[in-house]
Amino acid sequence: MTTELSIEFFPPQTAEGVARLKTERAELARLHPEFFSVTYGAGGSTRERTFAIVKEIVAEGSSAAPHLSCIGSTKASIREILDEFRASGIRRTVALRGDLPSGMAEPGELRHANELVEFVRAEMGDDFQIIVAAYPEWHPQAKTPDADLVNFARKVKAGANAAITQYFYNADAYFYFLDKATRLGVDIPIIPGIMPIVGFSKLARFSDACGAEIPRWMRKQFESYGDDTASIRAFGLDVVTRLCERLLRGGAPGLHFYSMNTAALTTEIWQRLKR
Ligand code: FAD
């Protein structure tokens with residue numbers, strides 16, 4: 001199978017978390033992902049922690065893609081970060097607007113991701129592969145689905161090379177999004193973001209906030225398991241593996257796993273796909 005795989009981490013807050021992530025990452029490295037990406041707290045709140053993990057990944061011989069969000073930042077600080085990335089041999093970044101952290105009122109000099117992409121291209125030429133976010137079930141703040149799609153196309157026009165989607169459990173939403181984007185002239189790879197399911201109630205809360213739908217049939221099934229974590233895990237693995245199979249059969253160019261810093265579920269799904 002030649003499906004491209006990438007895997008996302010968030011920077012842990014504690015030394016124990018960093019050590020645990022190192023172990024999980026070693027396991028995931030055996031899947032030979034194209035790259036590991038590391039999230040970045042909007043407003044620069046995780047700048048040092050993100051970069052520390054990125055440097056560990058590079059030192060281990062894997063390719064790293066730090067995320068970079070622009071909301072609440074100055075152009076000078078973004079330039080400094082890009083210089084730091086480049087000097088460390090980083091050649092890929094996930095460029096985002098981010099969400100304004102609570103208490104921060106000033107949006108900064110770059111207000112949307114398309115402006116960040118434009119800025120990275122203007123400052124760094126073609127030194128970076130730029131990946132942007134896409135929303136098959138639409139961004140929660142989008143005025144209309146069509147407006148969101150036009151805004152997505154803006155990021156591509158500004159110089160993005162690829163996109164990773166918000167996670168979703170409804171394959172039709174992804175295929176519809178691809179179709180509409182293609183009709184707008186978008187021709188970059190749009191890679192589905194895959195969220196393995198480790199528990200239901202937390203996922204349900206998080207999904208409501210970020211605008212990802214958990215279909216009723218899945219919700220009902222999960223709810224019926226109550227505290228039976230083994231059944232939740234088994235059903236989650238089954239559903240997400242089937243989703244991945246359907247996406248790949250339908251032409252998805254790769255899969256990006258939101259690993260939540262653990263290796264087990266991503267590894268299990270990936271291995272099931274290879275069978
Ligand atoms: P944008 O593309 O700027 O879009 C945000 C909203 O503004 C949309 O509703 C869009 O329709 C609208 N819009 C876009 N451009 C314009 C314009 N020019 N004029 C008017 N309206 C416009 N968050 C983090 O903080 N850190 C991370 O590391 C992180 N990683 C992520 C990785 C992926 C793959 C995804 C899908 C999301 C990630 N997020 C992360 C969450 C993301 O920051 C939020 O979803 C944020 O609300 C939007 O970021 P964006 O880059 O998609 O913004």
Side-chain angles (χ1 to χ4, degrees), residues 5-12 34-51 53-54 64-73 78 81 85 90 92-102 104 107-120 129-168 173-174 177 180-181 184 186 188-195 206-212 252-261:
L5 168 71
S6 53
I7 300 171
E8 182 169 315
F9 304 124
F10 58 85
E34 186 70 16
F35 62 89
F36 289 125
S37 82
V38 187
T39 62
Y40 181 90
S45 57
T46 69
R47 180 170 165 179
E48 274 77 32
R49 283 189 283 127
T50 296
F51 200 50
I53 299 293
V54 161
H67 295 204
L68 178 59
S69 65
C70 60
I71 198 92
S73 300
I78 300 276
I81 293 169
F85 286 172
I90 305 293
R92 191 187 264 127
T93 185
V94 181
L96 304 144
R97 181 196 75 177
D99 293 308
L100 214 51
S102 58
M104 188 183 270
E109 291 181 87
L110 301 164
R111 291 170 177 234
H112 289 288
N114 66 297
E115 293 169 28
L116 175 60
V117 174
E118 224 166 80
F119 184 72
V120 177
Q129 187 201 17
I130 304 177
I131 302 171
V132 291
Y135 301 85
E137 296 180 313
W138 316 117
H139 185 266
Q141 293 158 357
K143 292 213 169 79
T144 64
D146 285 350
D148 207 30
L149 200 77
V150 167
N151 288 329
F152 171 67
R154 269 185 225 270
K155 298 194 271 197
V156 179
K157 232 187 223 155
N161 304 100
I164 295 172
T165 74
Q166 181 58 278
Y167 71 88
F168 56 87
Y174 171 75
F177 184 88
K180 297 264 277 187
L184 272 186
V186 169
I188 60 167
I190 300 175
I191 296 154
I194 304 296
M195 179 71 89
F206 189 56
S207 300
D208 284 346
C210 71
L255 297 172
H256 177 84
F257 281 85
Y258 295 107
S259 77
M260 305 308 284
N261 290 7

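Residues: numbered from 1 along the sequence shown. Each ligand, and each atom within it, is numbered from 1 in the order the structure gives.
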- Task: Taking H139 for its side chain and Q141 for its backbone only, find out whether a donor-acceptor pair lies under 3.5 Å.
- Result: yes
- Message: Below 3.5 Å, N or O to N or O, backbone or side chain included: is there any such pair between Q166 and ligand 1?
- Response: no
- Task: Determine yes or no for a side-chain-to-main-chain donor-acceptor pair under 3.5 angstrom, with N261 supplying the side chain and F9 the backbone.
- Result: no
- Polar atom proximity, H67 to ligand 1 (N or O, under 3.5 Å): yes
- Going by the atom numbers of ligand 1, which of them fall below 4.0 Å from some non-hydrogen atom of D148? 8 (C), 9 (O), 10 (C), 11 (O)
- Looking only at N/O atoms, are R111 and ligand 1 under 3.5 Å apart anywhere? no
- Note on the structure: The atoms of ligand 1 lying under 4.0 Å from a heavy atom of K155, numbered in the order shown, are 2 (O), 52 (O)
- Message: Distance alone, cut at 3.5 Å: any donor-acceptor contact between the side chains of S207 and Y167?
- Response: yes
- Message: In the structure I gave you, are the side-chain heavy atoms of M260 and M195 within less than 4.5 Å of one another anywhere?
- Response: yes
- Task: Show your reasoning for whether ring-ring contact (aromatic ring centres under 6.0 Å, His included) applies to Y135 and F168.
- Result: CA-CA 9 Å; Y135 301 85; F168 56 87; over 10 Å; no
- Query: Against heavy atoms of Q141, which atoms of ligand 1 measure under 4.0 Å?
  - Reply: 9 (O)
- Message: Quick check: H139 and ligand 1, any N/O pair under 3.5 Å apart?
- Response: yes
- CA sep, side-chain torsions, deciding dist, call: N151, L149, side-chain contact (heavy atoms from CB on, under 4.5 Å): CA-CA 5 Å; N151 288 329; L149 200 77; over 6 Å; no
- Query: When only distance counts, is A95 in polar contact with ligand 1, meaning an N/O pair under 3.5 Å?
  - Reply: no
- Below 4.0 angstrom from a heavy atom of D99, which ligand 1 atoms are there? Numbered from 1 as shown, please. 44 (C), 46 (C), 47 (O)
- Item | Min N/O separation Y258 to ligand 1 under 3.5 Å | no
- Task: Flag T165 as yes when one of its N or O atoms lies below 3.5 Å from any N or O atom of ligand 1, and as no otherwise.
- Result: no
- Query: Which bit of Y135 gets closer than 4.0 Å to ligand 1, counting heavy atoms only: side chain, backbone, both or neither?
  - Reply: side chain
- Nearest protein heavy-atom contact for atom 38 (C) of ligand 1: which residue, which atom, what distance? L96 CD2, 3.7 Å
- Query: If you measure every N/O of N114 against every N/O of ligand 1, is any gap under 3.5 Å?
  - Reply: yes
- Message: With a cutoff of 4.0 Å, is A42 in contact with ligand 1, counting heavy atoms of the residue only?
- Response: yes
- Task: Examine the proximity of ligand 1 to K143 and report which part, side chain or backbone, both or neither, has a heavy atom under 4.0 Å away.
- Result: neither
- Query: Right, does atom 4 (O) of ligand 1 have protein non-hydrogen atoms nearer than 4.0 Å?
  - Reply: no
- Item | Side chains of S6 and H256, donor plus acceptor under 3.5 Å | yes
- Message: If you measure every N or O of Y40 against every N or O of ligand 1, does any of those distances drop under 3.5 Å?
- Response: yes
- Task: Examine distances only and state if a side-chain atom of Y174 and a backbone atom of I190 form a donor-acceptor pair shorter than 3.5 Å.
- Result: yes
